[in-house]
Student: 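Pasting a structure below so you can have a look.
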Amino acid sequence: MKRLSIIAIALLTSLAVCAASIEDDTELRSVENASCEKEKTVLGVRIGINDARWISYDSDEPYSGAGIKFKVGFAAELPIAKHWWINTGLYYSVKGYREKDKSDGSVSTLNMGYLEVPVYFTWHYKFNPNLRLRLGVGPYVALAVNAKLKTKYNNVSQSYSGLDGYKLPDVGIGLTAGLQYKRFLVEIGNSLGFLKVSEYDIAFHNEVASLTVGYQF
């Protein structure tokens, strides 16, 4: 998924550059006029998928990859300077891991739901009045509100719900890259948590790669 994110960033950037290169002089003048207009705070909705896992700096083998999870929420974007915005909001984001035990073939899947608030500093570049490139970086804070661990062995499944044994708060940093066309946008991102997410002796942290689509009101 990390390689996919890198490729997607390159493709998005290439697409934006290509779109810019075919604009004629009239459109370029429109961009100049549009840049003089005062930007306003924008609200929007977001929905996306997460490729989540736990990683550890104390172990050579982090939990293997992840099942696909989801996130949904509301966004608010506040202009603070030319080209620069603060991108925040409130999201319900599912993180966790999916691990297959190589010795017995059992599979464990953890889904932890977080309420998450990002505070990303986002750089916008308008290629024309309808198309813009968006690159963001910044911290996030999150609080776990539910958790469900499912194990499967020899076609027998068991589930355990509850937050016992898990750390509730999470703080980390994230990166995003995307394109916005009129009121619609698509973004990819990657985030890394700084805090331990469990009571295990080994310190595990959240890592999430995401693909998000959104609509601006």
Side-chain angles (χ1 to χ4, degrees), residues 1-20 31 34-35 37-53 55 66 68-95 114-143 169-195 205-217:
M1 186 70 179
K2 293 172 74 174
R3 288 194 293 268
L4 178 60
S5 296
I6 294 172
I7 294 171
I9 289 173
L11 289 174
L12 288 170
T13 304
S14 299
L15 176 60
V17 171
C18 290
V31 172
S35 66
E37 298 178 0
K38 184 178 180 180
E39 299 280 12
K40 299 179 181 179
T41 298
V42 178
L43 302 178
V45 292
R46 305 284 188 270
I47 188 170
I49 56 175
N50 290 340
D51 182 36
R53 65 175 184 171
I55 67 170
I68 299 299
K69 308 178 190 303
F70 75 95
K71 69 174 183 179
V72 63
F74 296 94
E77 300 185 359
L78 297 80
I80 55 175
K82 185 178 180 180
H83 299 300
W84 287 97
W85 298 65
I86 291 180
N87 192 343
T88 186
L90 178 63
Y91 295 84
Y92 178 74
S93 182
V94 180
K95 307 182 184 183
Y114 286 84
L115 291 180
E116 183 172 307
V117 177
V119 184
Y120 290 174
F121 295 91
T122 307
W123 181 75
H124 289 200
Y125 183 80
K126 288 185 177 180
F127 292 105
N128 61 57
N130 295 323
L131 180 67
R132 66 175 67 190
L133 175 68
R134 306 158 51 99
L135 302 174
V137 61
Y140 71 84
V141 294
L143 182 69
D170 190 26
V171 176
I173 190 169
L175 301 169
T176 62
L179 287 176
Q180 179 179 334
Y181 180 73
K182 295 184 178 180
R183 295 181 180 272
F184 299 91
L185 64 90
V186 57
E187 286 186 335
I188 55 175
N190 197 282
S191 64
L192 177 65
F194 297 148
L195 304 183
H205 306 264
N206 280 316
E207 184 187 35
V208 179
S210 61
L211 172 65
T212 306
V213 295
Y215 179 81
Q216 308 282 64
F217 296 119

Student: Any idea which heavy atoms bring Lys182 and Gln180 closest together, and the distance?
Tutor: O-NE2, 2.9 Å
Student: Look at the rings of Tyr125 and Trp123 and say which category their plane angle falls in: under 30° parallel, 30 to 60° tilted, over 60° perpendicular.
Tutor: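 Aromatic pair Tyr125/Trp123 classed parallel.
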Student: Can you tell me how far apart CD1 (Ile47) and OH (Tyr92) are? Round to the nearest 0.5 Å.
Tutor: 13.0 Å
Student: So how far is it from Leu185 CG to Arg134 CZ, rounded to the nearest 0.5 Å?
Tutor: 5.0 Å
Student: Quick one, Ile86 and Phe121 - any side-chain contact, counting heavy atoms below 4.5 Å?
Tutor: yes
Student: So which atom in Pro118 and which in Gly89 form the shortest heavy-atom distance, rounded to 0.1 Å?
Tutor: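 Scanning both residues completely, I find the closest heavy atoms to be CD-O, 3.7 Å.
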Student: What heavy-atom pair brings Leu43 and Ala76 nearest, and what distance separates the two atoms?
Tutor: CD2-CB, 3.7 Å
Student: How close do Leu133 and Gly178 get, heavy atom to heavy atom, and via which atoms?
Tutor: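 Smallest heavy-atom distance, with atoms named: CD1-O, 3.5 Å.
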Student: Please find out if less than 6.0 Å separates the ring center of Tyr215 from that of Phe184.
Tutor: yes
Student: Going by an N to O cut-off under 4.0 Å, is there a salt bridge joining Lys71 and Glu187?
Tutor: no
Student: So, applying side chain to side chain contact (heavy atoms under 4.5 Å, CB included) with Tyr140, which one of Asp170, Val119, Val171 is it?
Tutor: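 Among the candidates, only Asp170 passes.
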Student: Could you tell me if the side chain of Phe74 sits less than 4.5 Å from the side chain of Leu90, heavy atoms only?
Tutor: no
Student: Side-chain contact, heavy-atom cut-off 4.5 Å: Val186 with Thr212?
Tutor: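 No. Closest side-chain heavy atoms not under 4.5 Å.
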Student: Could you give the distance from CG (Asn50) to CD1 (Ile68), rounded to the nearest 0.5 Å?
Tutor: 8.5 Å
Student: How long is the gap from OH on Tyr120 to CD1 on Ile173, to the nearest 0.5 Å?
Tutor: 8.5 Å
Student: Taking all non-hydrogen atoms of both residues, which atom of Ala209 and which atom of Asn190 are closest, and how far apart?
Tutor: CB-ND2, 3.7 Å
Student: Can you tell me how far the NE2 atom of His205 sits from the NZ atom of Lys95, to the nearest 0.5 Å?
Tutor: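 Atom-to-atom, His205:NE2 and Lys95:NZ are 13.0 Å apart.
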Student: Can you check whether Trp85 reaches Leu78 side chain to side chain, under 4.5 Å on heavy atoms?
Tutor: no
Student: Find the distance between OG1 (Thr88) and CD (Glu116) and round it off to the nearest 0.5 Å.
Tutor: 10.0 Å
Student: Can you name the nearest heavy-atom pair linking Ala177 to Leu135, along with the distance?
Tutor: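 For Ala177 versus Leu135, the nearest heavy atoms are CB-CD2, 3.7 Å.
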Student: Using a 4.5 Å cut-off on heavy atoms from C-beta on, say whether the side chain of Glu77 contacts that of His124.
Tutor: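 Contact flag for His124/Glu77 side chains = yes.
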